[in-house]
Amino acid sequence: MPTLVKKYGYDLVYTRRFWQCTTADYYLQYCCSRYYLIPIFHSHPSNVRMAYQVTWLIVEVTKINTLPHIDAKTSSTAEKNVTNKFGQMENIKLFIHNSSFCLMRIIPEIFVPLLANPENHKNWATVVSLDVKEHVHSLKSTVYQVKGQINGQTILPMPVGVERLDNIEQIVKDSFKFLKTCLDQYNLLCNNKTTNYENFFVTKKIKKNGFDGKIVDLHFKSAVEGVIIKWATQITEVLSADSVSAFKSNQHLTPWAEVAFWNNRVQNLEYIFEQLRDQRIVKMTTIVQLTNSAYYPCLKNIYANVVSALEEANDIIRYLKPLQKHFKLLEETDFGDIAVCLSPLMHVVCLVWSNSRFYCSSGKIIVLLKQICNLLIAQAVRYLDPTSIFQSDIHETKLRVRHCIFIFEKFRNIFNDYRKKLPSYFKDEDTALLWTFHPNIIFNRTDLFIRRLQIIEWFFDTVVEFTKLERIEFSGLKGRLLSGRITEIYADFNEQFSLFSSKAYDVLEPEDERFEVDYEQFKESIKDLDHRLAFTLSQAFEDSYNLDGVFKLIEIVGVVMDRSGMKDMFTNSYSKILNMLSNEVTICKNLFESQQIAIRTQGSANVDKLMPPIAGSLKWSKTLKARVEHPIQCFKNLDHPILQSKEAQSIIKEVDEMIVSLNKLETDLIDNWKVTVSNRCEELLKLPLFDRRSKCNELQLNFHPELVAILREVHYFRSYELNDIPIEALQFHEREDTFRIYCINLNNTKECYNKLRNNSREIEFQLVQEEIQQIDELVKKGEYSLNWNSEGLNEYIGSVQDLVYKLYRRVQKTQENIKRMRSAISSWARLPVLCRKDNKKDTLLAIDDRVDRFSKRRKEIEKAATEIHKLLKENCVLFGMQDQTNVKQWQNYMAFVDSIVADALLNAIGCR
């Protein structure tokens, strides 16, 4: 046998033992991998390496995917070889499509012409030649199938010798006609007594043995039956494929994968169906049918299964189409607003279940619901952003996590609701198909994701709780020491937080067990910090000296103290609260008893003098009530077993009894005040406006202090939001502004009037006596005729005020003018004109400069005289005496002014 055959311009190197291979796949491996079938192009030597790579790749991929009898070690080695040479397996498609020598050119243009060329088989044995042709055809079919798989299509291989299909079919048909004729003759001979026995035995032999080799090509028939087996295997593999396999391989697909799966299934089945309708396959069907092949029923089943599967896929695609807009809406809607999309989605899912003939199976609906859960999880992950979940604002991220948990719980509730009302989607509820599967099958991964979110939420709660330690500072003798310990604990926590939050993996991947391991380690670290923190806070608790400090400490670090394992360490410290509460209740009871005695004796409690008696008593009662209620309420808010102790219950009972007594005291005070306030208002408002003191003849405002107290009482009662205030008191209080204006104006009038009487000299009072009498006439009306309820008080008060104020201003001006006169005189009246030398009593008068002194003093006196005459003239006008200068009252006033001047002159001429 030759070792080299030259044909088509290239060389073929081969081995002389290749015919020992028995299977096509192993033959391909044997020839191409172990004995290197290498096409060497003389015209393009640069393409030798590329051709070799393609050939080597075919063989290695064949080992991985298409050789069921290759052991696991060989398959793994082949995959490793391909990965090392071409990268990941996904890059193989790219290599095959982008290579200048793609498979569809290499196989039919190189390998098939070489190995199928009869010129190359001249010296070969017939068995070897047929075996090589068969394996070459198998290689060609395998390449077409691989190409179809790459494109998502199933290509049905053709048998060897398919190019002779037309002739073989015609021979079979003719033979079938001959057989039928022979059978007819056989039946006729069996019924005819004159028989040609030679023809009889020939026909009987044909009926018994069928077609002989000269009529039926048994080799081709065998090839057809072989491809039918391959078709059955391929189509069975296509029909048995479902989207459940993705979950078996731990792929977390979304509903779009389900839609894509059925779309691809429809396209693939339509492509298979078109191939089955091809004339070549129709003719092969005719051959196996006419030859009574045992594989004809199998071929019929293939036709039926493909048609049935195609009908099923079309039906499912039709009913999945309405769901696609809901899937798209879930993807486009922000996860914070996604809750409104869940109920419509489940409604359409139920409609699909109740109307589709082929999708109403538990397996399919479980896959769809699990994929919906995966879509929600993917949206939640995008909403939370695992790359920055621990670097964002803790409070905002915690709210997002809480919202995600709420959405998944809501979706499960919606699922349960629609599951219960699923029969309503069927026309006949009695025949309705229910979802009998357990919900955990669907929500298994969702539950894992929720647990992961709950862990993250717990983590955020822990961060928030320990963050409060940053602002804690203790006072007291040990304050600095305890604050330093808290700072150390907070620093250690920040270190653990940074270590836990800096993980590189996806913390929102529920199947990733690395997070669980790190979470357990973080919990152990936090447990140690809890023990240290509990010891420090216990010492701070013991260092607190009053209830306010204790409860403030609990309020600040209360969340931290509620952590598991810390309550037990504080049990002994809580007994201190009971002792402090007991002492506080005792003090409050003593205060209450002492004030009760004061109320019984004087009608009101001992309160601030600026407070009205009843309102002051109520204020004291409310203050005492708040003093005893606040600590006991803080104590009740504690989540601790000490609340159930007998001592605690006894203290709470005492406080409740005291509060009842205080409430009763407040009620009695208000009721007693209500009984008397109406009559006192009416009685006191009938008092006159003025009252006159008999001794000094001064006016006094007659607005009774009880009326002021009533106004203040009502004001405080309204601020306390008390009900059932007497209507008389309310009406009186509504006039408070009016009475205030009355009192202000009358009080000013009274002050001016009393100053006129008390501060005026007798000679001045005589000059305005007539106007005083006119004012007294108006005042008498306010003393005897008018009261606080009288009409026209505004006009009356205005008239009296006007008269009094004008007179007061005039008299006050005259008095100021007298002061100015005295001031003008004092400048020269304080010192005598002549003084003794050196201001000594036993020396003579200094008369050397008497002329200058007399001249200077004269000028000063003349200036003062001019000012006095001016002021005196102004006073004359103010007193209204400009036309009555001769009356006795004015002459007396002039004499008063003269006496002032005379005294000044005497002082001026005196000697020292």
Side-chain angles (χ1 to χ4, degrees), residues 475-476 540-556 558 561 570-676 709 712-713 716-717 719-725:
S475 59
F541 199 92
E542 294 295 332
D543 197 41
S544 300
Y545 57 89
N546 58 26
L547 286 172
D548 289 339
V550 169
F551 289 123
K552 187 175 182 180
L553 174 64
I554 295 175
E555 181 182 359
I556 294 174
M561 293 171 66
F570 281 93
T571 300
N572 296 331
S573 300
Y574 275 85
S575 60
K576 179 181 177 182
I577 299 179
L578 290 177
N579 297 331
M580 299 175 71
L581 276 176
S582 179
N583 295 334
E584 183 70 12
V585 171
T586 302
I587 294 173
C588 291
K589 287 177 68 176
N590 294 334
L591 289 174
F592 176 67
E593 291 174 357
S594 64
Q595 289 287 28
Q596 272 189 320
I597 296 173
I599 292 172
R600 284 195 298 268
T601 56
Q602 61 190 23
S604 63
N606 295 322
V607 297
D608 192 286
K609 62 181 181 179
L610 299 178
M611 290 285 292
I614 306 302
S617 299
L618 292 178
K619 179 66 175 177
W620 168 83
S621 177
K622 291 181 179 297
T623 303
L624 185 62
K625 191 191 302 182
R627 177 177 175 177
V628 72
E629 273 186 334
H630 175 69
I632 205 68
Q633 188 61 42
C634 293
F635 180 69
K636 288 180 179 179
N637 292 335
L638 298 178
D639 184 14
H640 197 274
I642 199 171
L643 284 172
Q644 308 303 325
S645 64
K646 293 182 179 180
E647 187 178 357
Q649 294 299 317
S650 176
I651 294 174
I652 293 173
K653 184 178 180 181
E654 289 182 16
V655 172
D656 292 340
E657 291 175 354
M658 185 183 298
I659 292 174
V660 170
S661 300
L662 288 171
N663 290 334
K664 185 177 183 301
L665 175 63
E666 293 176 4
T667 304
D668 293 341
L669 288 172
I670 295 173
D671 291 342
N672 294 334
W673 179 81
K674 289 179 182 179
V675 172
T676 59
R712 297 178 68 194
E713 300 280 12
Y716 281 105
F717 289 166
S719 66
Y720 297 157
E721 298 182 353
L722 295 179
N723 299 322
D724 300 331
I725 300 175

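Just so it is clear, the model here is predicted, and its values are computed rather than measured.
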Inset, instruction - Determine the minimum heavy-atom distance between Ala709 and Pro612, stating which atoms define it. - result: O-CB, 4.1 Å

Legend entry - Under 3.5 Å donor-acceptor, Ser582 side chain and Leu578 backbone: no

Legend entry - Where Glu713 and Ala615 come nearest, the two heavy atoms and their spacing: OE1-N, 2.6 Å

Legend entry - Value rounded to 0.5 Å, distance of CG in Asn672 from OG1 in Thr667: 10.5 Å

Legend entry - Rounded distance [0.5 Å steps], CG in Leu662 versus CG in Leu618: 11.0 Å

Legend entry - Polar side-chain atom of Glu584 near backbone of Val628 as donor-acceptor pair, under 3.5 Å: no

Legend entry - Any side-chain heavy-atom pair of Leu665 and Gln595 under 4.5 Å: no

Inset, instruction - Output the distance between atom CD (Glu657) and atom OG (Ser661), rounded to the nearest 0.5 Å. - result: 7.5 Å

Legend entry - Enclosure of Lys664 NZ (heavy-atom neighbours >12, cutoff 6.0 Å): no

Legend entry - Nearest heavy atoms of Leu591 and Trp620, plus distance in Å: O-CZ2, 3.8 Å

Inset, instruction - Mind checking the CD1-SG spacing from Ile577 to Cys634? Nearest 0.5 Å is all I need. - result: 10.0 Å

Inset, instruction - First locate atom CD1 of Ile599, then atom CG of Leu669, and finally report the distance between them rounded to the nearest 0.5 Å. - result: 5.0 Å

Inset, instruction - Walk me through it: do Val655 and Lys625 pass the test side chain to side chain contact (heavy atoms under 4.5 Å, CB included)? - result: CA-CA 9 Å; Val655 172; Lys625 191 191 302 182; over 6 Å; no

Inset, instruction - Give a yes or no on whether the backbone of Val585 and the side-chain of Glu654 come within a donor-acceptor separation of less than 3.5 Å. - result: no

Inset, instruction - Assign the ring pair Trp673 / Phe717 to parallel, tilted or perpendicular, where the plane angle (0 to 90°) is split at 30° and 60°. - result: perpendicular

Legend entry - Intermediate values then yes/no, side chain to side chain contact (heavy atoms under 4.5 Å, CB included), Glu666 and Asn663: CA-CA 5 Å; Glu666 293 176 4; Asn663 290 334; 4.2 Å; yes

Inset, instruction - With rounding to the nearest 0.5 Å, note down the distance linking CD in Gln649 to CG in Asp656. - result: 9.5 Å

Legend entry - Closest heavy-atom pair and its distance - Lys636, Ile652: CE-CG2, 3.7 Å

Inset, instruction - Answer yes or no: is there a side-chain heavy-atom contact under 4.5 Å between Thr586 and Asn590? - result: yes

